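Comments concern the structure below.
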Amino acid sequence: MNLKELAKRLIPDENLLEPEEYESIYPQRELPKGAQVTRLAPSPTGFIHLGNLYSALADERCAHTTGGIFYLRIEDTDEKRKVEGAVESVIRSLKYFGIKFDEGAEIESPLNKYGPYYQRARAQIYRSFVKRLIEQGLAYPCFCTAEELDEVREKQTQSKETTGYYGVYAKCRNLSEQEIYKNLDEKKPFVIRLKSSGNIENKITFRDAIKGDITVTENDQDVVILKSDGIPTYHFAHAIDDHFMRTTLVIRGEEWLSSLPIHIELHKVLGFKQPTYAHTCSLMKMDGETKRKLSKRKDPELSLDYYRKAGYFPLAVVKYLMTVLNSNFEEWTLKNPDGDYRDFKFKIDKMGKSGALFDLDKLNDVSKTEISKLSPEACYDFLKEWVDEFGTDADRTHFKDREYILKILNLIMGTGGKKRRKDIERAEQGVRLLDYFFDDTFEPEYAYRFDGQTVAAVLDGFAKVYDPADDNPTWFSKLKEVAKAVGFAAEMSEYKANPTAFKGSVSDAAEILRIAVVGSPNSPDLCTIMGILGKERALKRLTDAKKDI
RNA sequence: GGCCCUGUGGUCAAGCGGUUAAGACGGAGCCCUCUCAAGGCUCAAUCCCGGGUUCGAUUCCCGGCAGGGUCACCA
């Protein structure tokens with residue numbers, strides 16, 4: 001068979017470059033020794049979730065801790081998956097979490113010398129190599145229809161054989177020259193398959209940067225490398241792109257592990273050196289009784305937008321992910337509480353080998369810790385940003401008074417105290433903490449534990465002596481006096497020593513006052529709260545609080 | 001089902017043949033305290049099972065079992 005002629009007929013493109021030429025078009029990168037070139041290679045569905053961020057973070061850290069390059073490549077070989085604006089969305093999402101690309105699709109950079117970064121735009125490159133493979137007799141056209149393939153698969157399943165296109169099932173592998181040209185003349189659609197020379201009896205051991213040694217069987221499937229639309233499959237595009245974009249470290253989900261034999265064979269056949277692979281375990285989620293990996297389809301609540309809406313502090317999400325990525329990161333954080341996570345020595349081989357369950361409690365903890373480290377001004381900015389996008393009209397009005405909010409923030413963050421408070425976990429919840437400082441959102445629940453007479457006595461008693469100029473101890477001693485007057489113990493020690501001798505204690509008096517002022521029995525320092533509200537409003541609340549009793 | 005990966009408290013996990021089996025989150029309790037938060041202290045809770053190898057296995061080997069992944073002209 002004249003393979004050269006066949007290749008020309010199958011890949012009729014004019015002006016195709018010779019495969020060898022690409023080696024000089026995309027030369028080896030000049031980078032320091034040990035520098036890693038990594039990439040994020042999403043399909044343009046636009047949907048990006050926590051798992052993608054997790055993976056992107058690993059890529060980004062590996063590149064930037066070694067002086068390497070982190071680039072964005074768009075795997076748009078499947079037309080059906082394309083969503084408008086998806087690429088911008090990916091970039092924007094990652095940027096929100098502080099992750100930036102050095103080069104790639106839609107990235108403005110002088111480094112963009114390895115493009116195009118959209119696979120569809122690289123069709124000529126792939127086709128040049130496919131053509132060469134056909135010439136070498138290492139690839140062939142297949143005219144099987146989807147129905148035929150389904151039929152074969154069904155048969156194989158029934159007879160409990162391995163499914164797929166291999167051995168005797170690779171019907172088109174041995175098509176005669178006449179048959180091929182006949183099909184071609186009839187304009188039958190075709191794909192190009194790899195003529196695999198592998199044998200599943202042979203084992204290959206290779207070293208994964210995360211999982212260590214992995215033994216797989218050789219590939220013997222004649223996989224499709226060029227689809228009938230002339231665009232390659234993932235497998236083929238991966239081999240070509242990561243070779244010519246000079247990727248050194250391919251970090252991808254462990255779901256790719258099973259197709260690794262294909263990639264090994266493809267690299268061999270194309271004469272490429274294999275990159276180092278690092279297969280990350282997937283982030284898992286509890287689904288009823290069992291856990292499963294996070295899914296784009298089933299878990300929309302894990303989209304990155306979800307975290308934005310909930311008002312998580314972006315850096316907190318990143319730091320949480322870092323603890324999952326490298327368990328010793330947490331230890332490092334304890335030693336360097338104020339350190340930049342970028343100073344942490346990220347190690348790919350420290351990554352976990354088993355799928356981690358996504359732990360919301362932990363994220364919440366990291367998030368409130370991060371927010372507690374903010375200055376009130378920075379916290380204001382963070383909350384304001386959330387309010388502008390997701391808050392209520394009332395929230396937006398409230399946030400116009402920056403000075404007032406700052407006063408509140410000083411209080412609920414515990415600024416100036418020895419230890420910061422950690423009241424704000426995320427913006428959505430934190431903004432609600434401000435509600436009782438504004439009359440239009442103050443919704444008290446007057447659930448007193450004492451009779452109306454006692455409550456009124458405490459409220460009236462305190463209203464008479466309250467002076468906003470009082471410092472905290474004075475304020476409290478006044479409260480003690482009021483407590484005493486209604487038959488409460490003024491000192492907690494007295495009360496504890498003999499609880500039955502009193503109707504209640506200062507603590508109870510404080511509770512009554514607190515319910516009146518903030519509408520609930522719990523809040524930060526009451527004296528300060530009353531000060532923020534101002535005398536008039538504070539006293540009005542004391543009066544209003546008696547309405548229902 | 002075949003193949004591959006993984007298996008230490010509820011969760012994330014250190015550990016690399018001899019340990020009182022770290023730490024963090026969560027839980028319980030105590031202290032502090034005008035309540036809450038924060039903080040400090042304390043407690044409960046773990047090596048999947050069965051065989052080997054070894055003086056000794058959480059650690060090494062084999063076999064189960066369990067969980068996960070994957071078997072497309074999707075990535």
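So that the names make sense, note that chain A is the first sequence line, chain B the second, and so on, each numbered from 1. Please read these numbers as outputs of a predicted model, since none were measured by experiment.
Here the side chains of A:Asp76 and A:Arg81 are not in contact, with every heavy-atom distance at 4.5 Å or above. A:Tyr165 places a side-chain heavy atom less than 4.5 Å from the side chain of A:Cys172. Within the 4.5 Å cutoff, the side chain of A:Leu374 has heavy atoms near those of the A:Phe313 side chain.
Note on A:Lys350: only backbone sugar-phosphate atoms sit closer than 4.0 angstrom, heavy atoms only; bases stay farther off. Within the nucleic acid shown, A:Lys160 has no heavy atom closer than 4.0 Å to any nucleic acid atom. Across all strands, A:Ser228 comes closer than 4.0 Å to base atoms (heavy-atom distances). Within the 4.0 angstrom heavy-atom criterion, only backbone atoms of the sugar-phosphate kind lie near A:Thr215; the bases stay farther away. Within 4.0 Å (heavy atoms only), A:Ser282 reaches no atom of the nucleic acid at all. Within the nucleic acid shown, A:Asp361 comes within 4.0 Å of sugar-phosphate atoms alone, with no base atom in reach, counting heavy atoms only. At the heavy-atom level, A:Val224 lies under 4.0 Å from the strands shown only through sugar-phosphate atoms. Among the protein residues, A:Asn328 comes within range of no part of the nucleic acid, since none of its heavy atoms lies under 4.0 Å from any strand. Backbone-only engagement by A:Glu255 is indicated by non-hydrogen atom pairs under 4.0 Å involving sugar-phosphate atoms exclusively.
Residues A:Lys478 and A:Val465 come closest through the heavy atom pair NZ-O, 2.9 Å.
Taking the six-membered ring for Trp and the full ring otherwise, the centers of A:His238 and A:His267 sit less than 6.0 Å from each other. Proximity of the aromatic rings of A:Phe346 and A:Trp332 is defined here by a centroid distance below 6.0 angstrom, and this criterion is not met. Separation of the A:Phe344 and A:Phe329 ring centroids falls under the 6.0 Å cut-off.
Only at 4.0 angstrom or more do the heavy atoms of residues 526-533 of chain A sit from any atom of RNA chain B, so none qualifies.
Both A:Leu226 and A:Arg420 lie near RNA chain B, and the one whose nearest nucleotide falls closer to the 5' end is A:Arg420.
Taking the P atom of each, B:rC61 and B:rU70 are spaced 27 Å apart, rounded to whole Å.
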Give the table of side-chain donor-acceptor pairs shorter than 3.5 Å for residues 315-325 of chain A, with sequence neighbours excluded, one pair per line with atom names and distance.
from	atom 1	to	atom 2	distance (Å)
A:Lys319	NZ	A:Glu370	OE2	3.0
A:Tyr320	OH	A:Asp359	N	2.9
A:Thr323	OG1	A:Tyr320	O	2.5

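Close approach of RNA chain B to chain A, defined as any atom under 4.0 Å from a non-hydrogen atom of the protein, starts and stops at B:rC4 to B:rA75.
As the counterpart of B:rU11, B:rA24 is assigned, both hydrogen-bonding distances of the Watson-Crick or G-U wobble pattern falling under 3.5 Å.
Judged by distance alone, the side chains of A:Thr333 and A:Glu330 never bring a donor and an acceptor atom under 3.5 Å apart.
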